[in-house]
Amino acid sequence: MATTTRTVEVELATQTLGANGRLQRVPLTADPSGAVMPIDLAPGAEPDLGSERMLINIGPQHPATHGVLRLVLELDGETVIRCVPHIGYLHCGFEKIGEYRQYNQIIPWTDREDYLNSMGNNIAYALGCERLFGIEITPRCTVLRVIAMELSRIISHLVWLGTTAVDMGAFTPFLWTFQERESVYNLFESWVGARLTTSASRIGGMAADLPEGWVDGLKAFLRSLPKTLDETDRMLTRNGIWVGRTVGLGVMSSSEAINYGLSGPLLRASGVAYDVRKDFPYLDYDTYDWDIAVGSKGDVYDRYLVRLEEMRQSIRIIEQAIERLPDGPLNVDDPRVILPPKSKATSEMESMIHHFKLVMEGPRPPAGECYVPTESPKGEKGYYMVSDGTSKPVRWRIRPPAFVNLSAIARMAEGHLLSDVIAINASIDIVMGEIDR
Amino acid sequence: MSVVIPGSALPADTPDPITPRNLSYRGGEANPSVDAMRAQFGATIGRHDVMWGETTVWIDATKVREVVLWLRDDPGQQYDYLVDVTAVEHRDPALPLEMVWHVRSLPYRRFLRLKSALPPDAALEVPSIEPVYKAANWLEREVYDMFGIRFAGHSDLRRILLWDSYAEGFPLRKDFPLRGRFSRSEQLSQALLANPDAKYSMEELSVADAFHELPADMRARLLRDQGGS
């Protein structure tokens, strides 16, 4: 078979910025030695290719915005010149409603803000209330809460990993991570009866103790999760497409990240070793042996690595928690907040009155205020509680980590390409339920 | 990029922080920054109290930007991290509306609550601290959206969670009813009467229609670009 070669002459050209800041095409020429240089153009010889800026909407109904986020982008070609986020499509007035609810009645609302971390929110809220009431929880409750919070962190990061991989065109890790997430939800279901909206905590304790054999199920999960993490690690960490789509994107320097109030994996990926569990510990996190994952570049790739490592550290914490899980009472022995046993409430007059008053009037903390920060998968989540001594809070303020993190998206996205906005937005790990509340 | 370690300004023999236990309701050791603030600002700093181990300092709202700027930049304080900006309105109408700023010093591992009572008869306006902390941008917008407190010097003070044309008031104020200003039927009829095309049309994508939603500096730049080139 004969082969032919064909030579196509292409005019060499490069792109440069013109005097008005627009992209211009500059023809190139080559001298006999082979060096390439631009042909000096007479002014006006080449048309200005600068076109109108384009405004496009991403969202609010777009799968890659991970919820009802709307980004108005001003584009020059494919480069993002300006990014204006619009939020609030999911605003339900949680904080307003909370002012009309008793303290324990707010717990179901905490499920529904960051719904990937509902256990963690329940417990963070209970911690805030317990400081407001001046309650010290039991050792068993402390350890159970650590297990619940770390499991929440794992499922939240697993969802992040799976959906972000889908955003970048890799579908397989999504199936792997959602399978693991399913086993955590099965564990939650057998513990408190609900999967997503757990409402697991109560002021001074938990809604339920562990069922028989629960810890064995947890151990089985802890055996299978590292395999999935290793598989995902092998699939993505040195994958050319993944690296190409994440390295160098949305870079935040450490001082910038602090000034923007970033927290959680975003802040740590920027090289700030700040973790509420280490620096303002709660639930005895200071007594566990674990490490903070810190990035060095502050780009999307580092955020991925930080989250991947955080799941491994969570496994370490849960393993230690299983070792030390003590027997003993789950709820505090404090009649101000804990209901009497149902058998007593139906047989003894005093217990019945106590039960009635607690349910109908609700527990009353002393007048005061407190702010208890916790490390949620998204960052620093704290509840600022203000009480005037009645059974309903004057103010129930959620410090939403994803809200503050998302406020930096304009800074991260501007100057990048349109397709990179998807990766940057995914790397923030937003949950609109928490942002809009 | 070197790693920033919290607690780096503390003496090397400082023990690692532990979970606080048995905090007292009132009293206890106050945050050492309070005395330094008094020495620096004098009468701008009002009383302080310690509750559940957290220190609250009352400051003059009109001086908040100077105070947080000093707290951020003074080498002995280094409150580099803004945790939260919010407001509190009490049920008792005699009590004033309060502004609350939560700031944190990562190098010293300190947490401080700054509070200001806003006088009831004056306009609800405090200086924005966005020039000091970028994190204040959205947090202050949310306080404006929910409480109607304006922030002087904010770069882009618009409603954030509610829509721009929302006219019922400020939801987290205590005089705002839980179900909104209007009855359910009135809300429904308003929603039905509203022209949905006005909000969700495809024309919204064009520069002309979305133009008023853009920040002021971007509008100026777009206008300049149209005149030039």
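Below, chains carry the letters A, B, ... as their sequence lines are ordered, and counting in each starts from 1. Source: prediction; values computed, not measured.
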Practice problem: Please flag which part of Ile137(A) lies under 4.5 Å from any non-hydrogen atom of chain B: side chain, backbone, both or neither. | Solution: neither
Self-check item: Sidechain N-carboxylate O distance under 4.0 Å for Lys174(B), Glu99(A)
Solution: yes
Quiz item: Quick one: what part of Arg411(A) sits under 4.5 Å from any heavy atom of chain B, side chain, backbone, both or neither?
Solution: neither
Self-check item: Heavy-atom check, side chain of His91(A) versus side chain of Met146(B), under 4.5 Å
Solution: yes
Practice problem: Please confirm whether the backbone N or O of Pro17(B) pairs with a side-chain atom of Lys278(A), one donor and one acceptor, at under 3.5 Å? | Solution: no
Quiz prompt | Test of ring centre spacing under 6.0 Å for Tyr371(A) and Phe111(B) | solution = yes
Exercise. Output yes when a side-chain donor or acceptor of Lys96(A) lies under 3.5 Å from a complementary backbone atom of Leu172(B), and no otherwise.
Key: no
Practice problem: Answer yes or no on whether Arg104(B) is positioned over the face of Tyr274(A), meaning its NZ or CZ is under 6.0 Å from the six-membered ring centre and within 45° of the axis. | Solution: no
Self-check item: Pairs of heavy atoms under 4.5 Å with chain B: top-ranked of Ile97(A), Val294(A), Leu262(A)
Solution: Leu262(A)
Quiz item: Do Val100(B) and Arg397(A) have side chains that get closer than 4.5 Å, going by heavy atoms?
Solution: no
Practice problem: Please look at Val386(A) and chain B and tell me whether the side chain, the backbone, both or neither of the residue comes under 4.5 angstrom of a heavy atom of that chain. | Solution: side chain
Quiz item: Could you give the distance from CD (Glu54(B)) to CD (Glu369(A)), rounded to the nearest 0.5 Å?
Solution: 7.5 Å
Quiz item: What part of Ser263(A) gets closer than 4.5 Å to chain B, counting heavy atoms only: side chain, backbone, both or neither?
Solution: both
Quiz item: Stepwise, does the side-chain contact (heavy atoms from CB on, under 4.5 Å) test hold for Arg158(B) with His86(A)?
Solution: CA-CA 11 Å; Arg158(B) 290 177 290 138; His86(A) 290 251; 4.2 Å; yes
Quiz item: Do we see a donor-acceptor contact under 3.5 Å between the side chains of Asp286(A) and Thr19(B)?
Solution: yes
Practice problem: Could you give me the CA-CA distance, side-chain angles and deciding distance for Ser407(A) and Arg141(B), then say whether side-chain hydrogen bond (donor to acceptor under 3.5 Å, both in side chains) is met? | Solution: CA-CA 11 Å; Ser407(A) 72; Arg141(B) 276 177 70 186; over 6 Å; no
Quiz item: Which region of Pro373(A), side chain (C-beta onward) or backbone (N, CA, C, O), has a non-hydrogen atom less than 4.5 Å from a non-hydrogen atom of chain B, or is it both or neither?
Solution: side chain
Practice problem: May I ask you to decide whether Asp84(B) forms a salt bridge with Arg399(A), counting only side-chain N to carboxylate O separations under 4.0 Å? | Solution: no
Quiz item: Are Asp284(A) and Arg21(B) ion-paired here, with the side-chain N under 4.0 Å from a carboxylate O?
Solution: yes
Practice problem: Show your working on side-chain contact (heavy atoms from CB on, under 4.5 Å) between Val404(A) and Trp138(B) and close with a plain yes or no. | Solution: CA-CA 7 Å; Val404(A) 185; Trp138(B) 280 23; over 6 Å; no
